[in-house]
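Inspection log for the structure reproduced underneath, given as structure tokens.
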There are 2 protein chains.
Amino acid sequence: MANHDPDLSRLFHALADPTRRGILTRLAEGPAPVTALAGPTGLRLPTVMRHLAVLEEAGLIATSKDGRVRSCAVVPAAFEPVRTWLDEQRALWEGRLDRLDDYVMNLMKERSQ
Amino acid sequence: MANHDPDLSRLFHALADPTRRGILTRLAEGPAPVTALAGPTGLRLPTVMRHLAVLEEAGLIATSKDGRVRSCAVVPAAFEPVRTWLDEQRALWEGRLDRLDDYVMNLMKERSQ
DNA sequence: ATCATGGTTAGCCATACGTCTAACTATACC
DNA sequence: GGTATAGTTAGACGTATGGCTAACCATGAT
């Protein structure tokens with residue numbers, strides 16, 4: 001029941017935007033400065049900065065400034081809660097289906113007696 | 001590079017709300033009518049209906065009406081694109097890290113000659 | 001036929017989101 | 001010092017989101 005987890009909401013929200021996913025994919029190849037990230041998007045710098053802020057607040061990227069260039073890098077571990085939530089959901093369905101299996105099995109056994 | 005996929009955006013967006021995740025968790029235990037889903041949320045029916053519409057448009061649930069009651073059920077397969085995207089991202093990081101490994105290995109080999 | 005129940009539609013409202021421009025700061029380079 | 005480069009801040013703007021009320025079907029029960 002990790003549903004009210006604000007982290008999870010922030011994560012999913014951060015991932016819900018194509019521009020942000022694009023940035024993450026780009027960063028998966030390795031760290032990059034802000035301007036390099038902005039280029040492919042066709043968006044203005046301040047807009048990209050906002051996207052980066054969303055990603056950083058979600059913990060999906062980390063940034064550090066060296067001189068006048070800010071380098072951004074993906075934080076793979078940050079994806080874990082998402083994966084975990086998906087796994088939890090799956091476990092719930094499967095639990096249910098197992099119980100349904102048992103139920104059907106019992107029915108069949110009773111019938112065959 | 002499945003980033004511009006509108007399905008993915010709709011999925012992530014649908015999952016970004018605690019109320020909607022709560023509904024999914026509830027549905028993972030088995031199908032339920034709208035009112036049963038609304039109860040725990042403390043929200044008004046029209047509000048819940050909107051959440052259900054978002055979930056259905058994302059393909060995460062399916063609904064069908066029998067008499068005057070609409071039954072909602074989770075659609076496990078709909079989660080796959082999310083999982084797939086996560087896996088793709090992971091593959092990218094790992095590819096990068098592998099190449100980095102190779103690079104370091106080569107460096108070390110060259111040094112030791 | 002009447003009434004209660006379960007759901008639906010329409011519309012309002014405040015806030016959040018994604019985008020932009022314009023103006024500003026800070027660092028590198030000549 | 002002067003200029004180009006990289007990023008930042010502030011504010012505006014239209015649209016989307018999440019919530020509500022009120023009124024409206026549709027169906028099952030009496």
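Note on naming: letters A, B, ... go to the chains in the order of the sequence lines (proteins, then strands), and numbering restarts at 1 for each one. As the structure is a prediction and not an experimental result, all values here were calculated from the model.
Residues that satisfy the side chain to side chain donor-acceptor pair (under 3.5 Å) test with B/Asp87, not counting sequence neighbours, are A/Arg83. Scanning for side-chain contact (heavy atoms from CB on, under 4.5 Å) contacts around A/Pro76 gives A/Val74, B/Trp93, with sequence neighbours left out. Among residues two or more places apart in sequence or in another chain, the side-chain contact (heavy atoms from CB on, under 4.5 Å) test is passed with B/Val75 by B/Ala62, B/Ala78.
Near DNA chain D, meaning a heavy atom under 4.0 Å away, there are no residues from residues 53-63 of chain A.
Looking at A/His13 and A/Arg20, their side chains come closer than 4.5 Å, going by heavy atoms from C-beta outward.
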remark   = Readout for nucleotides 19-30 of chain C: B = base within 4.0 Å of protein heavy atom, S = sugar-phosphate only, - = neither; 5' to 3' it is BBBB----BS--
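Rounded to whole angstrom, the span from the CE atom of B/Met49 across to the C1' atom of C/dG6 amounts to 9 Å. The distance from atom NE2 of A/His13 to atom P of C/dT15 is 18 Å, rounded to the nearest whole Å.
Contacts classified as ring pair (Phe, Tyr, Trp, His ring centres under 6.0 Å) and involving residues 23-78 of chain A (residues at least two apart or in different chains) are not found. Applying the side-chain hydrogen bond (donor to acceptor under 3.5 Å, both in side chains) rule to pairs touching residues 64-82 of chain A yields A/Thr63-A/Arg70, sequence neighbours excluded. Each ring pair (Phe, Tyr, Trp, His ring centres under 6.0 Å) pair with one or both residues in residues 19-39 of chain A, not counting sequence neighbours, would appear here, but there are none.
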Output side-chain donor-acceptor pairs under 3.5 Å for residues 32-41 of chain A, partner residues at least two apart or in another chain, one line each.
from, atom 1, to, atom 2, distance (Å)
A/Thr41, OG1, A/Ala38, O, 2.5
A/Thr41, OG1, A/Leu43, N, 3.0

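Counting 5' to 3', DNA chain D first comes under 4.0 angstrom of a heavy atom of chain B and last does so at the ends given by D/dT17 to D/dG28.
Between the CD atom in A/Gln89 and the CG atom in B/Leu15 there is a gap of 8.5 Å [rounded to 0.5 Å].
Between A/Phe12 and A/Trp85, the ring planes lie perpendicular to each other; the angle is over 60°, past the 30° to 60° tilted range.
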